[in-house]
Amino acid sequence: MALPDDFSPAQHLLEMLIGTHNRTVQQTFIGVPDADLEHPLGGMKLACLLAEDDTVDMILLRLMLFWFEFKGNLPAPLYAIPTEDYQSRIFTAQRPEVKLIFREDYSTFLAENKFQRAKAEISWRLVNETSATISQSQAHSIALRIKETFAEGNGFTWERGPLQVTYRDLPHGVRFSLFVASQIEAVRVIERVLEVAGITFNEELISVSKTNKNYPVVPATHEVYGKAVKGIRHRPLTDVCFYRAELHVYGLRSPIRLVDLHYSGESLA
């Protein structure tokens, strides 16, 4: 079908950008009224929403404010080596690994203290599969189970904290080490993960490591290389939400994106 004579590519692009971006902003600021500057996040929401009469400069600034400043999606420093270098050091192909990634929602507390969002990762190995036997249909089936179990609403949420709880079931490819607010919370999370993995929960496989150390909400500032630097948060007590699941297959340079709640690109479910 031919485009109308009065079709404007620039206007079409602007409408698509405003529609998709503002929908993401509204989903992020759930419960925050529009144009309510008295709400703690009202001013931020208003500044992030695109308007039809915005100039190009304003559009770019609003996008940068939302994605880089508020969402904190700037690249973070990493300790890493290239995938091929890492895999070249492994002489036997590892079993495929399913990884669930959780992340703290951005907030005014994080912005004011310039903290990175807390994260958590939970993974298990597919002990009955290899790089050669794992198939796209199997990956798609795993993605659907993860989506049904973890991607409802804004994503499955659990409370991180100072208590370390480990769950080991090595014959089934399971070795979790979680920092949680309580053992009850750890069991709730572990049972949910094992449900997706198709593994029976065994309470005898849990071990708990308690500590009397105090982890401050806001770490003290200390001197590093002649400058005052705020300390890193250790074992923060905060909610983390599911937002992505990946399948890592030995021999592939990039993980397979199974589910992603914050990415509009291609994923299996």
Side-chain angles (χ1 to χ4, degrees), residues 1-78 80 83 99-108 110-112 114-117 119 136 139-140 143-144 146-148 150-157 240-247 252-269:
M1 182 177 179
L3 295 173
D5 294 336
D6 60 349
F7 178 78
S8 169
Q11 183 63 28
H12 175 73
L13 173 61
L14 179 62
E15 291 173 355
M16 292 296 100
L17 177 61
I18 290 176
T20 56
H21 174 77
N22 285 355
R23 184 163 55 251
T24 302
V25 173
Q26 293 289 359
Q27 292 172 350
T28 301
F29 290 91
I30 293 177
V32 180
D34 290 342
D36 183 359
L37 298 181
E38 295 184 359
H39 191 282
L41 293 175
M44 180 62 72
K45 178 181 180 180
L46 179 62
C48 291
L49 287 169
L50 297 177
E52 291 188 1
D53 58 350
D54 281 347
T55 64
V56 173
D57 288 344
M58 289 183 66
I59 290 175
L60 292 175
L61 287 173
R62 293 189 197 277
L63 292 173
M64 292 171 65
L65 175 65
F66 179 70
W67 291 108
F68 294 162
E69 291 295 330
F70 186 75
K71 297 281 283 185
N73 284 345
L74 283 169
L78 299 173
T83 303
K99 180 179 292 185
L100 308 179
I101 306 173
F102 304 81
R103 183 170 63 182
E104 180 181 16
D105 285 338
Y106 208 68
S107 64
T108 52
L110 296 181
E112 290 171 354
K114 297 182 179 179
F115 288 146
Q116 293 286 332
R117 285 186 281 186
K119 291 185 178 181
Q136 186 171 355
H140 186 257
L144 289 177
I146 293 173
K147 184 176 182 180
E148 293 172 357
F150 285 96
E152 295 180 355
N154 294 320
F156 177 77
T157 301
V240 289
C241 304
F242 169 78
Y243 82 100
R244 190 166 73 227
E246 300 173 342
L247 175 63
L252 295 182
R253 298 186 64 180
S254 300
I256 299 166
R257 195 183 300 266
L258 298 175
V259 181
D260 197 324
L261 300 186
H262 299 280
Y263 179 68
S264 59
E266 182 178 356
S267 62
L268 295 187

Check against side-chain contact (heavy atoms from CB on, under 4.5 Å), Asp54 and Leu61:
CA-CA 10 Å; Asp54 281 347; Leu61 287 173; over 6 Å; no
Distance (rounded to the nearest 0.5 Å) between Phe242 CZ and Ile101 CD1:
8.5 Å
With Lys45, which of Leu37, Thr28, Asp34, Asp36 fulfils side chain to side chain contact (heavy atoms under 4.5 Å, CB included)?
Asp34
With side-chain contact (heavy atoms from CB on, under 4.5 Å) as the test, would you mind laying out the steps for Phe66 and His21 before giving the verdict?
CA-CA 10 Å; Phe66 179 70; His21 174 77; 3.7 Å; yes
Give the minimum heavy-atom separation between Asn154 and Cys241, together with the two atoms involved.
O-CB, 4.2 Å
Do you know which two heavy atoms are closest between Leu100 and Ala245, and how far apart they sit?
CD2-CB, 3.8 Å
side-chain contact (heavy atoms from CB on, under 4.5 Å) between Leu49 and Gln26: does it pass, once the steps are laid out?
CA-CA 8 Å; Leu49 287 169; Gln26 293 289 359; 4.1 Å; yes
Which pair of heavy atoms, one from Ala151 and one from Leu261, lies closest together, and at what distance?
CB-CD2, 3.7 Å
Taking every heavy atom of Gly31 against every heavy atom of His39, the minimum-distance pair comes out as O-NE2, 4.3 Å
One should read off an interatomic distance between Arg62 CZ and Asn22 CG, to the nearest 0.5 angstrom, of 9.0 Å
Minimal heavy-atom distance between Asp260 and Arg244, with the atoms involved, is OD2-CD, 3.1 Å
I need the Thr157 OG1 to Glu152 CD distance, nearest 0.5 Å.
11.5 Å
Go through Leu65 and Met44 one step at a time and tell me if the side-chain contact (heavy atoms from CB on, under 4.5 Å) criterion holds.
CA-CA 9 Å; Leu65 175 65; Met44 180 62 72; 3.9 Å; yes
Atom pair CG/CD1 of Leu41 and Ile30 - distance to nearest 0.5 Å
12.5 Å
Output yes when a side-chain donor or acceptor of Arg117 lies under 3.5 Å from a complementary backbone atom of Asp105, and no otherwise.
no
Smallest heavy-atom separation, Glu104 atom then Gln116 atom, equals OE1-O, 4.4 Å
In terms of relative ring orientation, are Phe150 and Phe102 parallel, tilted or perpendicular, with 30° and 60° separating the classes?
perpendicular
Separation between CD of Gln136 and CG of Leu247, rounded to the nearest 0.5 Å
11.0 Å
